[in-house]
2 protein chains.
Amino acid sequence: MPKTTTWDERALLLLGVLTTQSQHGYQINDFIENRLCRVADMKKATAYAQLDRLHAAGMIEIEIAQVGNRPPRKVYSITEPGRALFHDLLATNLATVEAPAFAGDIGLMFMNHLPRAEAIAALRRRLAQLDTLIANQPMPPPHGGKLNLDLAVDHIVAVRRADRDWLATTIDRLEAEATLPNPHPQAAANPLS
Amino acid sequence: MPKTTTWDERALLLLGVLTTQSQHGYQINDFIENRLCRVADMKKATAYAQLDRLHAAGMIEIEIAQVGNRPPRKVYSITEPGRALFHDLLATNLATVEAPAFAGDIGLMFMNHLPRAEAIAALRRRLAQLDTLIANQPMPPPHGGKLNLDLAVDHIVAVRRADRDWLATTIDRLEAEATLPNPHPQAAANPLS
DNA sequence: AGCCCATTAGTCATACTTGACTAATCAAGA
DNA sequence: TCTTGATTAGTCAAGTATGACTAATGGGCT
């Protein structure tokens, strides 16, 4: 038999959107890019590619609907196998911890290559950004029925707040260390050791 | 003039590794996949592609070194322009907040599509995994000189702990709600409304 | 002597992602 | 009336990421 395709969180996202309600492409993209933008990030072309894969696998079906003289809509609906797949993907997703990889940590690793003052100033800017983000956190627009956006947003806010606290504490610690004799005397530019 | 290439955290990672010390390819990959695996994630083929791009842009240079009769080593070294680029990328990285997108939040959004008990059981498995990860957090092997792995690992641990706390609290709340009259009576399987 | 594994170097096909683009209809403002 | 922007459909080229693969050497084990 053919090797079973591997489905990821993008399939879960689309199946979830379609489980809530059959939709046509424009609606799907609009929904993802406007309503779910803080939780998910998928572009139009990616969505179409995934929808094609899901259709080819029989997880969704497509009907054409004509409204007036407008270009015909393709309405995507989830099938029974699709519901089963959605169920499995959802249960797995809920039960699994993802390996986090923060791009910001790359910089932290190499922080000692900058002069202390410069590094701390940069981290301070990061902290200011975080504060702004947390303060201006817009509450998501009200949503209908089964979609639990609040929970996901709440999670993001919680993690961001922890990030902020860690950063504030770390900056303080680094500053305290900076007043002591410099433990890294070679921190300035140093070509050809 | 040609459009300036966009450099990302992968370039930062490689430049950082080479700033610490000139290395040949095998060393670089070994270092990233063994020592930095908890902070960064870059595969061999990706590293070589990035090294090529950096070399084409004059950010690193390559010398051939022969050791015995072994296959010749290509030793990659950072150039002066490379150091400047590294400095800029590092300062930017430290000063910037990344938009986080957690795959796990996709599931949270659709949680109401599962029966409450099943969803809570799945989240409990996620929590157990998180606890294990936090408990078994291996301290990174000691590192030399300017590499500040501890800081990045500390950050990851802090965020993970916040994640764990949020999850524990959320599970409790969901369970409390579950004992009340079900606010989502259609939570069970419900084909064709 | 012979065999296997680690070291050292990459390459390549494949898959995934996305910015930019095309096309047509209709409502509303100028 | 004409133009513009939103609605609706996608496509395609170009870039990125990576699993799987090839090749050669040398040290150590049987």
Side-chain angles (χ1 to χ4, degrees), chain A residues 2-14 17-18 22-37 40-57 60 62-77 99 101 103 106, chain B residues 2-14 17-18 22-37 40-57 60 62-77 99 101 103 106:
Chain A
K3 198 176 62 156
T4 47
T5 325
T6 66
W7 302 106
D8 59 352
E9 70 269 7
R10 291 178 186 281
L12 174 61
L13 176 59
L14 286 172
V17 169
L18 292 179
S22 293
Q23 310 210 28
H24 54 92
Y26 192 85
Q27 267 179 309
I28 295 175
N29 289 303
D30 190 60
F31 191 72
I32 293 177
E33 298 206 4
N34 291 330
R35 208 153 305 247
L36 308 187
C37 59
D41 174 39
M42 184 167 45
K43 296 304 189 288
K44 197 167 48 154
T46 310
Y48 277 115
Q50 281 286 329
L51 286 172
D52 285 346
R53 291 207 323 145
L54 287 167
H55 183 237
I60 58 181
I62 305 182
E63 308 166 67
I64 308 293
Q66 192 80 37
V67 173
N69 245 355
R70 285 295 193 77
R73 291 174 176 168
K74 283 191 184 173
V75 178
Y76 299 87
S77 307
I106 309 284
Chain B
K3 199 177 61 153
T4 46
T5 326
T6 65
W7 301 107
D8 60 352
E9 71 269 9
R10 292 177 186 280
L12 174 60
L13 176 59
L14 286 171
V17 169
L18 291 178
S22 293
Q23 311 211 28
H24 54 91
Y26 192 85
Q27 268 180 308
I28 294 175
N29 290 302
D30 190 59
F31 192 71
I32 292 177
E33 299 206 5
N34 292 330
R35 205 153 310 245
L36 307 187
C37 59
D41 173 40
M42 184 166 45
K43 297 302 189 287
K44 196 166 49 152
T46 310
Y48 276 116
Q50 280 286 327
L51 286 171
D52 285 345
R53 291 206 324 143
L54 288 166
H55 183 237
I60 58 180
I62 304 181
E63 308 166 67
I64 308 293
Q66 193 79 37
V67 173
N69 245 354
R70 286 294 194 80
R73 293 174 175 170
K74 283 191 184 174
V75 178
Y76 299 87
S77 306
I106 309 283

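What you are looking at is a predicted structure, and each value in this text was computed from that prediction instead of being measured. Hydrogens, waters and symmetry mates are skipped; everything else that's a heavy atom, side chains included, is used. Each chain gets a letter, A, B and so on, in the order the sequences are listed, and its residues count up from 1.
Atom CG in B:N29 sits about 14 Å away from atom C1' in D:dG19, given to the nearest Å.
Partners of B:D30 under the side chain to side chain donor-acceptor pair (under 3.5 Å) rule, at least two apart in sequence or in another chain, are B:N34. Residues passing the side chain to side chain donor-acceptor pair (under 3.5 Å) test with B:K44, sequence neighbours excluded: none. When the side chain to side chain donor-acceptor pair (under 3.5 Å) test is applied to B:E63, no partner is found at least two apart in sequence or on another chain. Scanning for side chain to side chain donor-acceptor pair (under 3.5 Å) contacts around B:D52 gives an empty result, with sequence neighbours left out. Remark: A:A101 engages no residue in a side-chain contact (heavy atoms from CB on, under 4.5 Å) (not counting sequence neighbours).
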Heavy-atom contacts, protein to nucleotides 8-18 of chain D, under 4.0 Å, summarised as B (base), S (sugar-phosphate only) or - (none) per nt, yield BBBBB---SSB

